[in-house]
Participant: 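My questions will all concern the structure given below.
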Amino acid sequence: MRPFDRRFIPKFIQNFVETPSVYLIMKDISPFTLHQLAQIWIKYQQVSQEISNLAILEKINSNNFNNLLIVGDTHGDLNSTLRIVKPFFEGKVDSILFLGDYVDRGEQSYLNFFFLICLSILWPERIILLRGNHEDLELNLMFGFYKELQNYFPINKEFQAVLALVNAIYNLMSLVAITPKNSVCMHAGIPKDILPLKLFEQMPKPHIEYLKILDKKLKKDLYDAFIQVRWNDPIKTSLEIKSERSYHGHFYYTLEEVKQFLELNNQKRIIKSHEDIRGGYQEVFSDVLYHVFSNEPYFDQISKAYTIHEGKNGDITLRDLDFNIELKIK
Ligand SMILES: [Mn+2]
């Protein structure tokens, strides 16, 4: 693979990489030029095509992912993201896996998104970004990112070009990851029909290529899995019923289904994000389903946000955004 010319990475990101201080970077943030975005897109294409929709982290690199930070929704909050990635630059973690939803709701979707894309092309074997349900232009139209991009690119022709580029990036992000400690990580949860994870390996990139698959049955399975892995929620109360819901069609899943899914795929637990569970962390189903949410100001200034760390020795711990240990999970 051709090395990437770092001149195309904006100065504020280069400065942060050299001196990872949240407060320093906030002073000199500047938007990306169209030329920089085009170069970043070219490189992202190369990097992301090398990883399938099922990112088996040990296969990407057998060493890096034994000291891994797993991050939930950051939703346009660059400040949370900068705190989260700091231990990576300090050598405290070797790698970071993000579970999607980088844009919308927060006020800095544009910078948050391209900051993370830049990290993933600078360290393709250490920084992995999964696709969430908000990595979708239809949602961006309703929840903020679209409007934010319009403000950055008031000339319509440029705006349309950036929109197409953002969409193309969305369509190349992986959907599921497996960690060396047998955690299955995805944005929202398991698809309705209990599936072998291998199915995700068969999914083409870019994602819109599904429409060209000839086998109708396989096409439907792939499309359903593509939607549901980013949308489905676990059943938590008896009031929730397992039924189709409004957008695109997504479903609730039960503890029993999670167990079946893990057994079928020979994995130990699921780590997911997506729901706005107050408090930022929940062991949703004991020992098998963990929820993490990583945007600090999402609810109010008091609510905490978290990440999950998988260490070399097999310890799995809950961390706050400054990498302090909050709880030993395993
Ligand atoms: Mn979500």
Side-chain angles (χ1 to χ4, degrees), residues 53 55 69-78 80-81 84 96-110 112-113 115-117 120 128-149 166-167 169-177 183-192 200 207 223-236 240 244-253 258 270-282 284-285 289-299 303-308 321:
N53 278 306
L69 198 60
I70 301 166
V71 182
D73 296 16
T74 52
H75 270 311
D77 189 45
L78 183 66
S80 291
T81 299
I84 289 162
I96 313 183
L97 170 68
F98 289 87
L99 304 181
D101 281 10
Y102 316 109
V103 296
D104 286 337
R105 304 193 194 274
E107 283 167 11
Q108 288 178 299
S109 291
Y110 167 66
N112 193 46
F113 182 68
F115 175 78
L116 288 170
I117 295 295
S120 79
I128 305 291
L129 310 178
L130 298 183
R131 183 175 185 173
N133 63 318
H134 278 265
E135 277 68 62
D136 179 328
L137 292 186
E138 271 185 64
L139 256 78
N140 301 155
L141 192 55
M142 295 183 272
F143 293 99
F145 187 28
Y146 204 90
K147 187 104 197 69
E148 206 190 299
L149 282 178
V166 165
N167 195 40
I169 291 177
Y170 288 168
N171 279 315
L172 287 174
M173 293 178 144
S174 298
L175 297 169
V176 183
S183 302
V184 185
C185 304
M186 70 265 278
H187 181 65
I190 61 172
K192 180 168 145 276
F200 288 95
H207 297 142
Y223 186 74
D224 286 352
F226 163 69
I227 295 294
Q228 292 181 25
V229 84
R230 298 177 299 127
W231 280 97
N232 284 2
D233 294 325
I235 287 179
K236 287 190 292 289
E240 291 166 344
E244 195 165 336
R245 298 203 299 176
S246 56
Y247 186 83
H248 279 324
H250 61 292
F251 301 87
Y252 288 112
Y253 50 92
V258 169
I270 291 172
I271 298 175
K272 46 85 71 175
S273 189
H274 181 57
E275 295 161 285
D276 48 0
I277 290 175
R278 208 176 167 79
Y281 169 76
Q282 192 180 18
V284 185
F285 296 143
L289 187 73
Y290 299 89
H291 168 92
V292 66
F293 199 87
S294 310
N295 172 317
E296 192 101 311
Y298 190 79
F299 305 101
S303 184
K304 275 193 104 163
Y306 292 100
T307 62
I308 289 175
L321 297 198

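Start at 1 and go down the list; that is how both ligands and their atoms are numbered.
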Participant: When you draw lines from the Mn ion (ligand 1) to OD1 of N133 and to NE2 of H187, what angle lies between them, to the nearest 10°?
Facilitator: 80°
Participant: Going by the angle between their ring planes, with limits at 30° and 60°, are Y223 and F226 parallel, tilted or perpendicular?
Facilitator: tilted
Participant: Side-chain donor-acceptor pair under 3.5 Å between N295 and H75, yes or no?
Facilitator: no
Participant: I want to check something: taking the side chain as every heavy atom from C-beta on, are Q282 and E275 in contact at a cut-off of under 4.5 Å?
Facilitator: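 When only atoms from C-beta onward are counted, E275 and Q282 do not touch, as no gap falls below 4.5 Å.
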Participant: Evaluate the side-chain proximity of N53 to R131: yes if any heavy-atom separation is below 4.5 Å, no if none is.
Facilitator: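 Result no, sub-4.5 Å side-chain heavy-atom pair not found.
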Participant: Do any of the N, O or S atoms of D101 sit under 2.8 Å from the Mn ion (ligand 1)?
Facilitator: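 Checking the Mn ion (ligand 1) against D101, an N, O or S atom does fall under 2.8 Å.
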Participant: Within H134, is some N, O or S atom less than 2.8 Å away from the Mn ion (ligand 1)?
Facilitator: no
Participant: I'd like the atom name of the N/O/S atom in H274 lying closest to the Mn ion (ligand 1).
Facilitator: ND1
